[in-house]
Amino acid sequence: MEKVKLVVATTNKGKLKEIRVVLKNLPIELLTLEDIGFNEGIVEDKDSFEGNAIVKATVVAKKSNYFVMADDSGLEVDALDGAPGIYSARYAGEGADDKKNNIKLLEELASIPKEKRTARFRCVIALATPSEVIGTADGVCEGSIDFKEEGQNGFGYDSLFIPEGYDQTFGCIESEIKNKISHRAQALKKLAQLVQKKISKLV
Ligand code: ITT
């Protein structure tokens, strides 16, 4: 029997890699935006991770007629009142890359001592069809911000983020561990249940 196809609506290669690994045992075929020829920009104008995840999944589902999932995620730093939050991808300005965002974060936290550098990653994943939002799944990963970039693994703020219970950044920790404890891993675990339920109704 042909597998159900599910589009991962992200332009972020780091996210895509993690999503593929964590969902590898689901009986579905993951497609990328490239696979379906979708290359339009999507305006993320909502004020929450959930709102923006729903916008991304819905826009792609309506335009492509596929079953679609979209991840909206970011880093909340307590000493910065939750910034960069939903603006994490463009913290150092529109079109900024990971390097520039990390430099800006280190600059903003320059005078903040270790015990006040607490932070968390959040992730919300929305699942949509062209006609409805099936649901959302969320995950949180608590930790703190290091004083300098360490390690090459992962993407985004990983070289600065030390997850709770570890003494190294996600940049140094093996991806197998990140894919068990991260905000995205937790959200994907819940999402897998939503997908399974939906698929059992389709077949
Ligand atoms: P898409 O919207 O196309 O999925 P994006 O990178 O713009 O790609 P977001 O708007 O959700 O995605 O922004 C997420 C940003 O939060 C991302 O660019 C990183 O800077 C940061 N981020 C999220 N999850 C992360 C993780 O697991 N490790 C490091 N940084 C992460």
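Both counts, for ligands and for their atoms, begin at 1 and track the order of listing.
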Study note, to complete from the structure: Ranked by distance from atom 4 (O) of ligand 1, the top protein heavy atom is T10 OG1, 2.6 Å
**Study point:** Close approach, R90 and ligand 1, non-hydrogen under 4.0 angstrom
**Key:** no
Review point. Looking only at N/O atoms, are N101 and ligand 1 under 3.5 Å apart anywhere?
Key: no
Practice item. Output the list of atoms in ligand 1 that are nearer than 4.0 Å to some heavy atom of K56, sorted by atom number. Key: 1 (P), 2 (O), 4 (O), 9 (P), 10 (O), 11 (O)
Exercise for review: Look at atom 24 (N) of ligand 1 and say which protein heavy atom is nearest, naming residue and atom and giving the distance to 0.1 Å.
Suggested key: R184 NH2, 3.0 Å
Check your understanding: For ligand 1, which atoms, with element, lie under 4.0 Å from some heavy atom of D71?
Key -> 4 (O), 11 (O)
Point to revise | Protein residue, atom and distance nearest to atom 12 (O) of ligand 1, heavy-atom basis | key: K15 NZ, 2.8 Å
**Study point:** Sub-4.0 Å heavy-atom contact, D158 with ligand 1
**Key:** yes
Practice item. Could you list which atoms of ligand 1 come closer than 4.0 Å to a heavy atom of E44? Key: 2 (O), 10 (O)
Review point. Using heavy atoms and a threshold below 4.0 Å, how should the contact between F155 and ligand 1 be classified: side chain, backbone, both, or neither?
Key: both
Point to revise | Closest protein heavy atom to atom 6 (O) of ligand 1, given as residue, atom name and distance to 0.1 Å | key: N12 ND2, 2.9 Å
**Study point:** Which of the ligand 1 atoms, numbered from 1, are nearer than 4.0 Å to a heavy atom of S73
**Key:** 11 (O), 13 (O), 14 (C), 15 (C), 16 (O), 23 (C), 24 (N)
Review point. Quick one: which of I177, N153, I181 gives a side-chain contact (heavy atoms from CB on, under 4.5 Å) with F170?
Key: I181
Point to revise | Whether F121 and H183 hold their rings parallel, tilted or perpendicular, with breakpoints at 30° and 60° | key: parallel
**Study point:** Side chain R117, main chain L109, donor-acceptor under 3.5 Å
**Key:** yes
Exercise for review: Look at ligand 1 and say whether G74 reaches it with a heavy atom at a distance under 4.0 Å.
Suggested key: yes
Check your understanding: V55 versus D72: any side-chain heavy-atom pair under 4.5 Å?
Key -> no
